[in-house]
*Asks:* 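Provided herewith is a single structure, encoded as structure tokens, for subsequent inquiry.
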Amino acid sequence: MPATDATERPEQPWNRRRLRSTNERLLLDRLRASGAASRAQLARETGLSKPTVSSALAAMEAAGLVREVGTHAPERGRTAVLYAPDPAAGHVLGVDIGRGWLRCALADLDGTVVARSDVRNKARSSGALAELVVATARQVVAGSGVDADQVVHAVVGTPGVYDEQQRRVRYAMHLPGWGRTGLFDRMRAELGVPLEIHNDANLAALGEYAYGVGAGSRLFAYILIGTGLGMGVVSEGRLFTGAHGLAGEIGFLPWPGQHRPERLEDAVSGLAVVESARRFGMSGRLTAKAVFDAARGGSSAAVKAVRLEGERIAHTVAAAAAVLDPDLVVLGGGVGHSVDLLLEPVREHLRTLTPLRPEVAASRLGADAVLLGAVATALDTARDVVFERRSVPS
């Protein structure tokens with residue numbers, strides 16, 4: 001008896017389940033990318049039959065993945081029901097750990113922040129900081145009205161680079177003790193949520209790409225200037241981190257100091273602005289913000305310090321332009337909040353340093369860049385997790 005060709009075999013239940021799951025995911029991705037749509041519209045745009053679309057939408061609605069969001073009445077024909085992803089199907093946590101502030105946000109699957117807390121980082125040890133992160137995250141969830149088991153993923157932004165093998169952060173120079181092994185394992189266990197750790201400048205770049213001025217850029221660099229100095233690079237919508245996760249650690253670039261070689265971070269940071277202002281004659285308890293405020297008020301010493309910082313940032317942009325050829329460089333972080341004073345000297349000095357002159361712009365997200373980057377990164381994973389959990393084959 002001749003063997004039966006594979007195409008003649010009856011379709012197996014596993015294959016039917018896989019096909020159904022594929023169709024549901026196709027429709028869900030379309031709704032998430034382009035907005036609410038009717039069954040007929042989805043059938044036209046995806047090539048699926050109307051019965052297949054109706055069946056898939058019914059299954060996803062029952063699973064809580066999509067919901068009805070209104071109707072559309074065409075000039076001819078029946079009124080059509082519109083469907084969209086249900087943003088309450090899951091939630092994510094985004095956390096930004098900085099030397100001065102800890103920011104934590106809970107967002108739904110649409111990326112809408114539903115609860116948030118910004119607290120001063122007064123922790124005097126790495127253990128105390130880990131406890132503050134856990135306590136703040138729990139407080140945000142508890143105050144949101146969202147059940148804790150609906151939080152499916154969390155992403156933390158931190159200075160330094162997370163070493164997955166050694167399970168610790170490296171190069172977080174401004175957070176003493178933050179390189180201890182096991183700190184993030186402890187946070188994962190206490191929060192009870194899968195937790196990713198990323199460099200803060202990288203997350204700021206992703207946040208600026210997802211929500212800010214970097215949207216649509218082919219390749220852009222986000223330079224984070226605050227207590228320290230870092231850079232995140234986004235190419236075609238994807239983060240570039242290098243072979244060991246160290247791409248963008250520009251703070252380690254050499255810089256010719258007055259008396260000895262320094263790092264670029266020593267010249268381009270909030271502390272550098274304060275040191276320059278003192279050298280030009282300002283006194284008292286100074287912060288970078290105070291220096292910029294004084295420059296706006298016309299203080300000669302402050303203006304000189306700001307212009308010097310602009311010149312040094314121009315050197316940083318020139319280096320990034322030569323290596324990366326970005327179409328956009330975004331300035332952010334604590335010092336970046338005063339870009340209104342820095343852009344002119346940056347552009348002026350850039351013209352004298354290099355013929356490579358990418359567009360230089362201020363961050364649109366300001367202090368929220370890292371936090372929103374953490375949310376956007378968490379959503380990439382959470383949407384997959386929620387789909388797999390809820391689309392259980394029958």
*Asks:* Quick check on the 6.0 Å ring-centre criterion: do Tyr222 and Tyr209 meet it?
*Replies:*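 No - the distance between ring centres of Tyr222 and Tyr209 does not fall below the 6.0 Å cut-off.
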*Asks:* Is the centre of the Tyr171 ring less than 6.0 Å from the centre of the Trp178 ring?
*Replies:* no
*Asks:* Would you check if Val156 and Glu196 make a side-chain contact, meaning some heavy-atom pair closer than 4.5 Å?
*Replies:*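 They are not in contact (no side-chain heavy atoms under 4.5 Å apart), so the answer is no.
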*Asks:* Between Arg347 (side chain only) and Val360 (backbone N and O only), is there a donor and an acceptor less than 3.5 Å apart?
*Replies:*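 It does hold such a pair.
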*Asks:* Do Arg188 and Val134 make a side-chain contact, defined as non-hydrogen atoms from C-beta onward lying under 4.5 Å apart?
*Replies:*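 They are not in contact (no side-chain heavy atoms under 4.5 Å apart), so the answer is no.
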*Asks:* Between Arg389 (side chain only) and Asp384 (backbone N and O only), is there a donor and an acceptor less than 3.5 Å apart?
*Replies:* no
*Asks:* Would you say the side-chain atoms of Arg390 pair up with the backbone N or O of Ala63, donor to acceptor, closer than 3.5 Å?
*Replies:* yes
*Asks:* Looking only at side-chain N and O atoms, does Arg99 offer a donor or acceptor that is under 3.5 Å from a partner on Thr227?
*Replies:*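 Checked: Thr227/Arg99 side chains show no N/O donor-acceptor pair below 3.5 Å.
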*Asks:* Does Arg168 make a cation-pi contact with Tyr162, if we ask for NZ or CZ under 6.0 Å from the ring centre and within 45° of the axis?
*Replies:* no
*Asks:* Hey, are the side chains of Val155 and Val95 touching, using non-hydrogen atoms and a 4.5 Å cut-off?
*Replies:* no
*Asks:* Any side-chain heavy atom of Arg383 within less than 4.5 Å of one from His153?
*Replies:*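 SC-SC contact between Arg383 and His153 ruled out.
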*Asks:* Does Val169 offer a backbone N or O that forms a donor-acceptor pair with the side chain of Asp163 under 3.5 Å?
*Replies:*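 Looks like no, no N/O pair under 3.5 Å.
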*Asks:* Identify the residue among Leu341, Val273, Val303 that makes a side-chain contact (heavy atoms from CB on, under 4.5 Å) with Val291.
*Replies:* Val273
*Asks:* I'd like to know if the side chain of Thr112 and the backbone of Asp108 have a donor-acceptor N/O pair within less than 3.5 Å.
*Replies:* no
*Asks:* Can you check whether Leu57 reaches Leu42 side chain to side chain, under 4.5 Å on heavy atoms?
*Replies:* yes
*Asks:* So, taking the atom named CG in Asp293 and the one named OG1 in Thr287, what distance separates them when rounded to the nearest 0.5 Å?
*Replies:* 7.5 Å
*Asks:* Output yes when Glu208 and Arg364 qualify as a salt bridge under the 4.0 Å nitrogen-oxygen rule, no when they do not.
*Replies:* no
*Asks:* Strictly below 4.0 Å, N to O, side chains only: are Arg20 and Glu24 in salt-bridge contact?
*Replies:* yes
*Asks:* If we ignore hydrogens and angles and just use 3.5 Å, is the side chain of Ser54 paired with the main-chain N or O of Pro51 as donor and acceptor?
*Replies:*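 The answer is no, because no donor-acceptor pair under 3.5 Å joins these two groups.
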*Asks:* For Asp147 and Asp149, indicate whether the former's side chain and the latter's backbone hold a donor-acceptor pair under 3.5 Å.
*Replies:* no
*Asks:* Give a yes or no on whether the backbone of Arg18 and the side-chain of Thr22 come within a donor-acceptor separation of less than 3.5 Å.
*Replies:* yes
*Asks:* Are the side chain of Ser235 and the backbone N or O of Arg238 linked by a donor-acceptor pair below 3.5 Å?
*Replies:*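 Here the side-chain-to-backbone pair does not exist.
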*Asks:* Output the distance between atom CG (Leu195) and atom CD (Glu190), rounded to the nearest 0.5 Å.
*Replies:* 11.5 Å
*Asks:* Quick check: does any side chain N or O of Thr136 sit under 3.5 Å from a backbone N or O of Val133, one acting as donor and the other as acceptor?
*Replies:* no
*Asks:* With heavy-atom distances below 4.5 Å as the criterion, would you say the side chains of Trp101 and Arg120 are in contact?
*Replies:* yes
